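For reference, the structure is listed below as structure tokens.
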Amino acid sequence: DHIAQYRNAVMHLPKNRNKMQQYKNHSLDELMKMDIPSDLRHSPTNQEKYLQNLSGFFRWLGNNEYARKDLNVPFLGVAKKITAANEEREIYSREDLTKLFNSSQYCKGGHKDPFKFWVPLIGLLSGARENEICQLHISDVHQDKETKIWVLDINQDDKETTLKSLKRPTHARQIPIHLQLLNLGFIDYIQRCEHSGEIRLFPELPYRGRNKYADKKQRWFNNTYTNSTNCNIKTLKNPFHSLRHNMATELSNQNMQPHQIAMMLGQKPDGGVTVTRYVKPPELKEWHEYLSKITYKDCIDFGRIRSWKHHDFAKNSRR
């Protein structure tokens with residue numbers, strides 16, 4: 001009974017309740033009777049952590065003959081069922097997409113580093129993970145020989161030298177480059193990097209700790225677009241990877257098959273289909289067609305975004 005009560009409390013109680021005036025002076029029993037909004041409760045990740053810690057403790061008791069070994073069975077994985085996977089991160093609202101991509105930084109050429117201009121756009125228009133984008137090399141952008149479609153080659157080639165990594169090796173894939181990126185001069189930017197002798201697309205991003213090449217970008221993105229002096233994005237649970245959920249939603253709205261969406265986003269499709277790096281030309285064409293239908297024209301005016309050549313990083317490099 002105590003364990004069941006603890007489990008229910010973990011799923012129901014507010015996070016940091018001692019800092020919330022409306023909850024801090026209430027007893028556990030009183031809090032359990034309240035209708036607490038889901039966004040004020042512990043996140044599914046923290047709920048899982050607390051319950052797995054309890055499960056691990058009981059497993060230790062059983063292994064050391066302090067308790068029955070079967071006591072650990074009921075607690076494994078319970079929290080994973082609390083929230084569906086697509087609810088753990090919210091997609092960006094249309095209003096927040098407008099704030100971000102029609103911000104003064106994009107429309108007035110205020111970006112001081114190339115990654116600040118390109119990485120959010122690539123995330124929006126490809127659904128790739130932030131480290132997958134930040135670690136890209138010049139050689140990872142090329143045209144498919146048969147279809148002539150420009151692609152981003154997501155890989156961890158020569159990882160000891162490049163320090164490239166993937167969440168899982170099977171996440172290697174090729175993603176067609178969206179027309180909006182081409183219109184904004186992405187290939188021109190790649191060629192300029194190549195002529196300058198660069199190896200990576202964003203050499204200004206160092207490799208740091210567990211966030212790898214995305215560390216500096218992650219700090220900048222959160223500090224720039226979520227505060228009141230800038231875009232002040234309000235979408236809850238809105239890290240950079242929420243853009244992946246926007247892309248998944250857009251592809252689903254175009255009636256793309258779920259297993260194809262999973263493959264393009266570098267996820268394991270239902271049914272155990274293996275994701276391979278080199279998609280077949282017909283698949284590449286089909287993916288390209290789906291992407292071309294995604295325009296975000298209801299919330300982003302791409303015509304207002306200044307070409308990369310007119311941003312601070314390009315001006316400074318010319319001087």
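All figures in this text were calculated on a predicted structure; none of them were measured in a lab.
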Residues clustered with Ile36, ILVMFWY side-chain links under 4.5 angstrom: Leu13, Met20, Tyr23, Leu28, Leu31, Met32, Met34, Leu40
Residues clustering with Ile199 (ILVMFWY side chains joined when closer than 4.5 Å, directly or via others): none
Pairs where residues 183-205 contributes a residue and the test ring-ring contact (aromatic ring centres under 6.0 Å, His included) is met, not counting sequence neighbours: Trp118-Phe186, Trp118-Tyr189, Tyr189-Trp308
Considering residues at least two apart in sequence or located in another chain, which fulfil the side-chain contact (heavy atoms from CB on, under 4.5 Å) criterion with [X]?
| X | answer |
| --- | --- |
| Asn131 | Gln135, Ser165, Lys212, Tyr213, Ala214 |
| Lys159 | Gln156 |
| Thr161 | Asp158 |
| Arg244 | Arg129, Arg173, His241, Leu265, Gln267 |

Could you note down all residue pairs passing salt bridge (charged side-chain N to carboxylate O under 4.0 Å, His left out) where [range] supplies at least one of them, sequence neighbours left out?
| range | result |
| --- | --- |
| residues 288-301 | Arg94-Asp298 |
| residues 105-116 | Lys112-Asp312, Asp113-Lys116 |
| residues 8-26 | none |

ring-ring contact (aromatic ring centres under 6.0 Å, His included) partners of Phe115, counting only residues at least two apart: Trp220
Aromatic ring proximity His311/Phe117, centre distance under 6.0 Å: yes
For [X] and [Y], indicate whether the former's side chain and the latter's backbone hold a donor-acceptor pair under 3.5 Å.
| X | Y | answer |
| --- | --- | --- |
| Ser307 | His310 | no |
| Glu30 | Ser27 | yes |
| Asp140 | His137 | yes |

Connected via hydrophobic side-chain network under 4.5 Å: Leu166 and Leu163: no
Derivation and outcome, salt bridge (Lys or Arg N to Asp or Glu O under 4.0 Å), residues Asp29 and Lys33: CA-CA 7 Å; Asp29 288 340; Lys33 294 175 183 177; over 6 Å; no
Rounded to the nearest 0.5 Å, how far apart are [atom1] of [X] and [atom2] of [Y]?
| X | Y | atom1 | atom2 | answer |
| --- | --- | --- | --- | --- |
| Trp287 | Gln174 | CH2 | CD | 9.0 Å |
| Ile133 | Leu152 | CD1 | CG | 8.0 Å |
| Cys299 | Asp96 | SG | CG | 10.0 Å |
| Leu125 | Leu181 | CG | CG | 4.5 Å |
| Cys134 | Tyr207 | SG | OH | 12.5 Å |
| Arg200 | Ile138 | CZ | CD1 | 10.0 Å |

Side chain to side chain donor-acceptor pair (under 3.5 Å) between Gln105 and Ser103, worked out: CA-CA 5 Å; Gln105 286 91 343; Ser103 62; 3.2 Å; yes
Check against side chain to side chain donor-acceptor pair (under 3.5 Å), Thr147 and Asp144: CA-CA 6 Å; Thr147 64; Asp144 176 71; 2.7 Å; yes
Under the side-chain hydrogen bond (donor to acceptor under 3.5 Å, both in side chains) test, residues paired with Glu198 that sit two or more places apart: none
Tyr66 vs Trp60 side-chain heavy atoms within contact, under 4.5 Å: yes
Criterion side chain to side chain donor-acceptor pair (under 3.5 Å) on Gln260 and Glu283, from CA distance to verdict: CA-CA 9 Å; Gln260 291 179 304; Glu283 291 174 332; over 6 Å; no
